[in-house]
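What follows is one structure encoded as structure tokens, with my remarks underneath.
In what follows, chains carry the letters A, B, and so on, assigned in the order in which the sequence lines appear, proteins first and then strands, with residues in each chain numbered from 1.
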Protein chains: 2
Amino acid sequence: MPAAEDQPAASPARSARRQQTESAILEAALDVFAMHGFRGTTLDQIAERAGMSKPNLLYYFPSKEDVHARLLGDLLDHWLAPLRGIDPGGEPVEEILRYVRRKLAMSHDYPRESRLFAGEIIAGAPRISGFLTDGLRPLVDETVALIQGWIAQGRLAAVDPVQLLFSIWALTQHHADFAAQIEIVAPGDRAGDAGAFLDQMYRRLLTP
Amino acid sequence: MPAAEDQPAASPARSARRQQTESAILEAALDVFAMHGFRGTTLDQIAERAGMSKPNLLYYFPSKEDVHARLLGDLLDHWLAPLRGIDPGGEPVEEILRYVRRKLAMSHDYPRESRLFAGEIIAGAPRISGFLTDGLRPLVDETVALIQGWIAQGRLAAVDPVQLLFSIWALTQHHADFAAQIEIVAPGDRAGDAGAFLDQMYRRLLTP
DNA sequence: GTCTATAATCGGATAGAC
DNA sequence: GTCTATCCGATTATAGAC
């Protein structure tokens, strides 16, 4: 198959250039979608921020829906990693604290992705209900069972496991989703403060 | 002044009817604005949900902006009440717990208002930065000072007061803002669970 | 690959009849 | 007060030149 063999090697420059342009578009689109949601975002805004014309943007992505779907897909691929990283063989309190830290780090490093997710949920999760049902929920069920086991063994204080997970999501994502409010009420970098507070809070709550 | 005296009494039915229609519009608008934000919402959606034509809606409110401003104004009028309700003369731990309960009750009873607020913050708080700066921030400063005093007196465990307030906002509003996710991951009414969990969490954190 | 021009539709707001 | 008809700018997407 000479044709198929040539394809990747024949145009490495073009492929790299294409990927670069796509990245620029996705970067710009993430800014706007995260702020205004799918319906509140216009292709003009994305194109201007990406430094190109609207028709040119549509040369790389067939439609507005496609740009959004790509961002959401990339995001969801990484969304569950911290929860999956809880080690059933580890020390319970430390495993939960490690999860909290990883989740907080994700919110700190990818605030726009967090806001994109939040906006989808607030809008009723029309595009990610499948992910929530098939991806998140089974993993939550699994983790809840794990935590219940730890509690039964007396290695973790008796707390509602479902509410525990909700609280971790709320507390970590808040710093990304409500950044605009935080910046006004208490300006300055409070990432360290948040980490220390959550560590203190969950240690007191969970230590048997 | 017979004219001015007549005005209110002369058309009580018309005024009542007008208020009723306005309420129907605001009710419908809250549904849509809370889900899709200002830019993602159309007057057609609001009008249809309110059971009237778009021009008729615009007879009651001059513009889309006015409908939104009215909802936001009504919301912000009540937003700070729970925080203002903290009694400096009360027992510290119980006062904080009472604040948490009131805030949670507000999220439970007015979830759309919570989502409207969240959407504004995610969008960069373009329409409520004045409220955050002039209304919320001074009250936060005041409350932080109060909490620091309680801690200095040894009546409250040593925690970061700013982070404490952020955590309360995050945990209580989460149940309204992320209701769609909660409903999928753990269906059913968990209002009681949430209240018990928060009570347990903050009691352990704050008891000296 | 990138652009200008444009089609087709949507959305906020107005005019004017009833 | 409520409606139909309509204006007009905004928005998604396409056509076609370069």
* To do: Answer yes or no: is there a donor N or O on one side and an acceptor on the other, between the side chain of A:Lys103 and the main chain of A:Leu83, under 3.5 Å?
  => no
* Asked: Looking only at side-chain N and O atoms, does B:Asn56 come under 4.0 Å of OP1 or OP2 in D:dC3?
  -> yes
* Is any side-chain nitrogen or oxygen of B:Arg39 closer than 4.0 Å to OP1 or OP2 of C:dG12? -> no
* Is there a donor on the side chain of B:Lys64 or the base of C:dG11 sitting less than 3.5 Å from an acceptor on the other? -> no
* OP1 or OP2 of C:dG12 sitting under 4.0 Å from any side-chain N/O of B:Ser63? -> no
* Asked: Can a cation-pi geometry be assigned to A:Arg70 and A:Phe61, taking NZ or CZ under 6.0 Å from the six-membered ring centre and within 45° of the ring axis?
  -> no
* Asked: So, is A:Tyr59 close to the C:dC3 phosphate, meaning a side-chain N or O under 4.0 Å from OP1 or OP2?
  -> no
* Return one dot-bracket line describing DNA chain D 5' to 3' (Watson-Crick or G-U wobble pairs, both distances under 3.5 Å; ( ) same strand, [ ] crossing, | another strand, . none). => ||||||||||||||||||
* Structure fact -> DNA chain D nearest-nucleotide lookup for A:Thr42 and B:Thr21: closer to the 5′ end is B:Thr21
* To do: Using a heavy-atom cut-off of under 4.0 Å over every strand shown, decide if B:Leu58 touches base, sugar-phosphate, or nothing.
  => base
* **Parallel, tilted or perpendicular, as decided by the 30° and 60° cut-offs, for the rings of A:Trp169 and A:Phe166** => tilted
* To do: Name all residues meeting the salt bridge (charged side-chain N to carboxylate O under 4.0 Å, His left out) criterion together with B:Glu183; count only those two or more places apart in sequence or in a different chain, and write none if there are none.
  => none
* Closest listed nucleotide, where the reference is the side chain of B:Pro55 and the choices are C:dG12, C:dT14, C:dG1 -> C:dT14
* Asked: Does OP1 or OP2 of D:dC3 have a side-chain N or O of B:Ser53 closer than 4.0 Å?
  -> yes
